[in-house]
Amino acid sequence: MPDFLRKPTLTGDLVVLRPVTADDVPALLPLFEDPEVTRLTGNHTHFDEAALRTWYGSRGTTDDRLDLAVVERATGRVVGEAVLNLWDEPNESCSFRIGLVPDAAGRGLGTEATRLIVGYGFGSLGLYRISLEVYAFNPRAHRAYEKAGFRTEGVLRGALLWEGERVDATVMSVLAPEWGVTQGVVPS
């Protein structure tokens, strides 16, 4: 069984992923307040700062998921979160989600953060499958996930009701045997 109680620090060229804390909430607030971010993530729930502080303050003791802050190395600023959640023990699988504050998009930070946490999921946690859903009105995220090694599996038709419109969600995943190949590592 994966050790989700161990909260690692993962370092890349552009970002550092480290355990998220309640002190990160001010930097993460745009994820919950920006209309475009809430649309792209399909988030219908409003969270106040106190509730977010309670939630992020409890992440260090969770044993069924991994919540990491995405920190831009060049500035030291928290620019988002990367999460492995919905642990499915019998199938050695998790879901993945990532959210970046609006001004962090388009600079490769999300792609690197995705590669770091997915690599950790396969290499250190022993996962077999990591999956996600991305909404049809977020083609930039879809391309970023493909770039990080995820493959399209199918479409959940009309999965989200957003402002009176039904929006499809694409299911994507990456499997442990594929991971080394997608990252340029040839299996021996």
If you compare all heavy atoms of [X] against all heavy atoms of [Y], which two are closest, and at what distance to 0.1 Å?
X      : Y      : answer
Ile98  : Gly110 : CD1-O, 3.7 Å
Thr75  : Glu72  : OG1-OE1, 3.0 Å
Leu132 : Val134 : CD1-N, 4.1 Å
Phe32  : Phe47  : CD2-CD1, 3.6 Å
Leu109 : Ala104 : CD1-O, 3.7 Å

[atom1] of [X] to [atom2] of [Y]: how many Å apart, nearest 0.5 Å?
X      : Y      : atom1 : atom2 : answer
Arg59  : Thr21  : CZ    : OG1   : 12.5 Å
Phe4   : Asp63  : CZ    : CG    : 9.0 Å
Leu160 : Asp168 : CG    : CG    : 10.0 Å
Asp64  : Leu84  : CG    : CG    : 11.5 Å
Arg129 : Leu127 : CZ    : CG    : 11.5 Å

For [X], give me all partners under side-chain contact (heavy atoms from CB on, under 4.5 Å), at least two apart in sequence or on another chain.
X      : value
Glu89  : Met1, Trp87
Leu156 : Glu133, Ala159, Ala169, Val171
Ala22  : Arg53
Arg97  : Arg65, Asp67, Glu81, Val83, Asn85

For residues 10-20, which side-chain N or O atoms pair as donor and acceptor with protein atoms under 3.5 Å away, sequence neighbours left out?
{"from": "Arg18", "atom 1": "NH1", "to": "Asp24", "atom 2": "OD2", "distance (Å)": "2.9"}
{"from": "Arg18", "atom 1": "NH2", "to": "Asp24", "atom 2": "OD1", "distance (Å)": "2.7"}

- Message: As a test of understanding, state which of Leu52, Leu100, Val78 forms a side-chain contact (heavy atoms from CB on, under 4.5 Å) with Leu28.
- Response: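 Among Leu52, Leu100, Val78, the one meeting side-chain contact (heavy atoms from CB on, under 4.5 Å) with Leu28 is Val78.
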Less than 4.5 Å apart, side chain to side chain, heavy atoms only: is that true for [X] and [Y]?
X      : Y      : value
Met172 : Glu146 : yes
Trp55  : Val25  : no
Leu68  : Leu116 : no
Pro2   : Glu92  : no
Leu86  : Ser131 : no
Val174 : Trp179 : yes

- Task: Would you check, one step at a time, whether the test side-chain contact (heavy atoms from CB on, under 4.5 Å) holds for Lys147 with Arg115?
- Result: CA-CA 9 Å; Lys147 195 173 168 182; Arg115 286 181 176 147; 3.8 Å; yes
- Look at atom CZ of Arg77 and say whether more than 12 heavy atoms of other residues, nucleotides or ligands are closer to it than 6.0 Å.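 Yes, CZ of Arg77 has more than 12 neighbouring heavy atoms, counting only those of other groups under 6.0 Å.
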- Item | Check: Asp88 side chain, Cys94 main-chain N or O, donor-acceptor pair, under 3.5 Å |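 No: the side chain of Asp88 does not pair with the backbone of Cys94.
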- Query: Run the salt bridge (Lys or Arg N to Asp or Glu O under 4.0 Å) check on Glu112 and Arg73 step by step: do they pass?
  - Reply: CA-CA 12 Å; Glu112 184 176 78; Arg73 283 191 68 183; over 6 Å; no
- Message: Using 30° and 60° as the class boundaries, would you call the ring planes of Phe150 and Phe96 parallel, tilted or perpendicular?
- Response: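 Phe150 and Phe96: parallel rings.
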- Query: Any link between Tyr135 and Trp162 through a network of hydrophobic side chains (Ile, Leu, Val, Met, Phe, Trp, Tyr) touching at under 4.5 Å?
  - Reply: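 Shared cluster, yes.
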- Task: Return the set of residues passing salt bridge (charged side-chain N to carboxylate O under 4.0 Å, His left out) with Arg143 (not counting sequence neighbours), or none when no residue passes.
- Result: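 Result, salt bridge (charged side-chain N to carboxylate O under 4.0 Å, His left out) vs Arg143: none returned.
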- Query: Can Ile117 and Ile130 be said to form a side-chain contact (heavy atoms from CB on, under 4.5 Å), step by step?
  - Reply: CA-CA 10 Å; Ile117 197 168; Ile130 298 174; over 6 Å; no
- Message: Using the rule given for side-chain contact (heavy atoms from CB on, under 4.5 Å), can you reason through Tyr145 versus Thr152, listing the C-alpha separation, both sets of side-chain angles and the distance that settles it, and then say yes or no?
- Response: CA-CA 9 Å; Tyr145 296 138; Thr152 297; over 6 Å; no
